[in-house]
Amino acid sequence: MLELKHINKTYTNGKISFQALKDINLTIRQGEFVAIMGASGSGKSTLLHILGFLDNPENGEYIFLNKNVARMNTQQLCHIRRHMAGFVFQQFHLLPGINALDNVNVPLIYAGRSKNKQLGLARLASVGLAERADHNPNEMSGGERQRVAIARALINDPVILFADEPTGNLDTKSEEEVLQIIKDLNRQGMTIVMVTHEKEIAGQAERIITMRDGCIISDTSRAQTARTEAAQELAFVEQKHAGAEIFDHLRQAWRSITANKLRTLLSMLGILIGVAAVITMLAIGKGATRSIEANLSNLGSNLLMIRQGSNRNSSISLGTAAYSRLTLANLNELSAVKNIARVSGQVTGRAQVAKDSANWNTTVYGVLPAYAPMHNSQPVSGRFFGRQEIQERQRVAVIGSTIVEKLFANQNPIGQTMKINKQNFTVIGVLPTKGFAMGSGGDDSVIIPLTTAMYRTMGKKYLDMIEAEIDAPENIAAAKTAIKEKLLRTQSLTEADEAAIDIRDMSEIQDAIKATSSTMSILLGSVAAIALLVGGIGIMNIMLVSVTERTREIGVRKAIGASQRDIMAQFLIEAVVLTSCGGLLGIALGWVASFVIARVLSWETYVSLSSILLSAGFSIAVGLLFGLMPARQAANLNTIEALRYE
Ligand code: ADP
Ligand code: MG
């Protein structure tokens with residue numbers, strides 16, 4: 001069945017090298033029960049590792065089922081281990097934290113046969129542990145653990161069983177039980193190679209090979225029980241594409257993550273806080289943008305603001321003279337332009353307002369009655385001024401809530417008299433509260449008839465601005481052109497003086513705000529990236545520690561059939577599950593924080609779907625990126641060294 005020819009093995013540690021196996025020649029036939037005996041350090045384990053496809057010999061040949069496996073790469077060896085060999089170790093090497101049945105089923109997963117769950121129970125029953133299926137290794141005696149390990153070794157129907165001092169850690173009774181199971185297996189036709197240093201145990205085997213200092217010094221067989229050689233012809237299982245499935249990896253990752261909850265929580269803290277910060281900051285940023293936008297739409301939509309342009313490039317055509325300014329006459333002309341629903345002129349000035357001993361410096365706007373509907377500024381109490389007040393240049397005022405507070409101590413001001421730049425005005429209305437102080441119609445403003453402002457209060461002959469409301473958004477562009485043409489013509493200007501008229505609409509202002517908010521997003525995004533980077537480094541650190549800590553587990557997994565890819569996937573998925581959980585908790589925390597901020601500080605916050613998707617995506621990416629290095633380190637561990645790791 002297998003044949004070793006001139007096998008040598010030398011261990012090299014730095015400058016010291018030690019030849020553990022010296023020119024070993026050995027043939028083992030199918031169905032044999034071979035015991036390898038010898039003092040500690042004589043090379044028994046080294047030989048068994050080579051026999052068991054865990055290690056390559058330095059030179060020589062190893063023919064197994066007519067294939068030379070001496071020079072096979074790790075991937076090919078892994079395949080043979082997975083499908084043809086079973087292992088039992090002195091230290092049992094069960095995986096901690098999962099029950100007996102799951103332990104028995106681990107090799108099934110690596111062989112891509114995870115669907116076959118019944119098999120595990122059957123194998124456990126065959127070693128007399130059916131009723132212990134849901135016990136964890138630490139709830140079982142040494143003998144029971146070793147029997148579970150034997151069941152695990154048998155799960156993929158190996159053709160040969162390797163056992164390295166299987167009874168070395170057992171009491172006499174368990175030792176007998178385990179030996180009985182092994183002997184029964186042999187009787188059923190299983191080829192067995194068992195290492196031991198005890199004579200009595202070796203005595204149970206039919207053939208005893210004794211080693212000393214890396215050499216075989218004797219090879220004795222007891223009276224052969226008549227055996228028909230190769231009752232069934234064994235074939236070498238060719239390599240096929242099989243491996244653990246993603247779902248199995250996910251389940252394993254979940255198990256190992258939940259095995260130590262506190263530590264898991266601590267290690268994902270970086271990601272958690274990072275993501276929570278991102279969600280909260282974006283929620284505040286988005287909330288701020290939204291409230292600004294709401295205020296803007298409060299100003300009235302479809303609004304054009306027409307100002308006299310700069311006259312800098314006018315020196316050629318008009319000498320030093322500035323463009324003629326916007327006048328009341330222009331206002332009347334514009335109201336005739338197509339698509340313009342309403343127009344209002346505006347003059348602005350700072351003014352001292354007073355009532356009795358109360359004083360306040362504010363902004364006064366002179367406007368037309370059309371201003372109120374254009375700006376959604378119909379007074380909440382009292383009324384707006386009308387045509388008559390304009391014509392008669394009456395001293396009436398509509399005031400914002402700040403003025404009510406400062407001059408009238410929040411008492412009803414309607415009908416009261418107040419002073420604007422020492423002139424008496426009658427308050428006829430109070431503006432709706434807009435939530436912002438500045439700007440026309442803001443809470444800190446006084447609105448008076450345009451004519452009163454121009455001719456009585458401010459002494460202005462020209463308008464600072466004309467506002468025009470367009471009937472529909474789709475007509476804005478056309479109206480802009482029409483207005484420009486009209487104003488240029490009345491001011492005797494040509495197309496070349498295009499800059500003479502400056503027309504803005506709300507969409508421009510909104511664009512400006514959007515640009516600002518996207519700058520803010522980039523800023524917050526970089527803060528997020530740094531937070532997640534720090535979180536990711538934390539995860540990498542934890543994963544590296546975890547790989548070191550679980551070196552033996554990795555060795556065991558490889559010995560029972562895990563490929564490099566399986567180990568890599570396991571740790572990578574573990575890292576991703578870790579960061580994803582951290583990310584999810586972070587999103588939840590960020591959401592709660594945004595809610596609390598909105599409640600406590602009464603800021604507007606808004607958790608957007610895009611910020612959630614962004615955070616989730618980032619968490620997964622961080623897991624992949626920072627899990628890669630630890631996962632590769634785990635995958636590249638040498639199986640034997642990992643198994644021997646203390
Ligand atoms: P046994 O199983 O018979 O006790 P081993 O096969 O484990 O012996 O080891 C044989 C010899 O090889 C011992 O002297 C041991 O110190 C040495 N050896 C085993 N593994 C290594 C290693 N990785 N590096 C260096 N020396 C090793
Ligand atoms: Mg040993």
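Each residue takes its place number in the sequence, starting with 1. Every number for a ligand or one of its atoms is a count from 1 in the order of the listing.
Around the Mg ion (ligand 2), protein atoms of type N, O or S found under 2.8 Å number 1.
L161 contributes atom CG, which lies 10.0 Å from atom CG of N186 (distance to the nearest 0.5 angstrom). Put simply, CD1 on I542 and CD on E574 are 11.5 Å apart, with the number rounded to the nearest 0.5 Å. To the nearest 0.5 Å, atoms CE (M211) and CD1 (I217) are separated by 9.5 Å. Remark: E165 CD to L170 CG distance equals 11.0 Å, nearest 0.5 Å. In this structure, the separation between CG on N103 and CG on L94 is 4.5 Å, given to the nearest 0.5 Å.
Proximity of N156 to L108: side-chain heavy atoms (C-beta onward) are separated by under 4.5 Å at one or more points. With contacts defined as side-chain heavy-atom distances shorter than 4.5 Å, the pair M568/R632 qualifies. With a 4.5 Å cut-off on side-chain heavy atoms, R81 and L54 count as touching.
Within the 3.5 Å criterion, the main-chain N or O of V106 finds no donor-acceptor partner in the side chain of R152.
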Ligand 1 polar-atom proximity to protein (N/O, under 3.5 Å):
unit_1, atom_1, unit_2, atom_2, d
ligand 1, 2 (O), S45, N, 3.0
ligand 1, 2 (O), S45, OG, 2.7
ligand 1, 3 (O), S42, N, 3.3
ligand 1, 3 (O), G43, N, 3.0
ligand 1, 3 (O), K44, N, 2.9
ligand 1, 3 (O), K44, NZ, 3.0
ligand 1, 4 (O), G41, N, 2.7
ligand 1, 6 (O), S45, N, 3.4
ligand 1, 6 (O), T46, N, 2.8
ligand 1, 6 (O), T46, OG1, 2.5
ligand 1, 7 (O), R644, NH1, 3.4
ligand 1, 7 (O), R644, NH2, 3.2
ligand 1, 8 (O), G43, N, 3.4
ligand 1, 20 (N), R644, NH1, 3.4

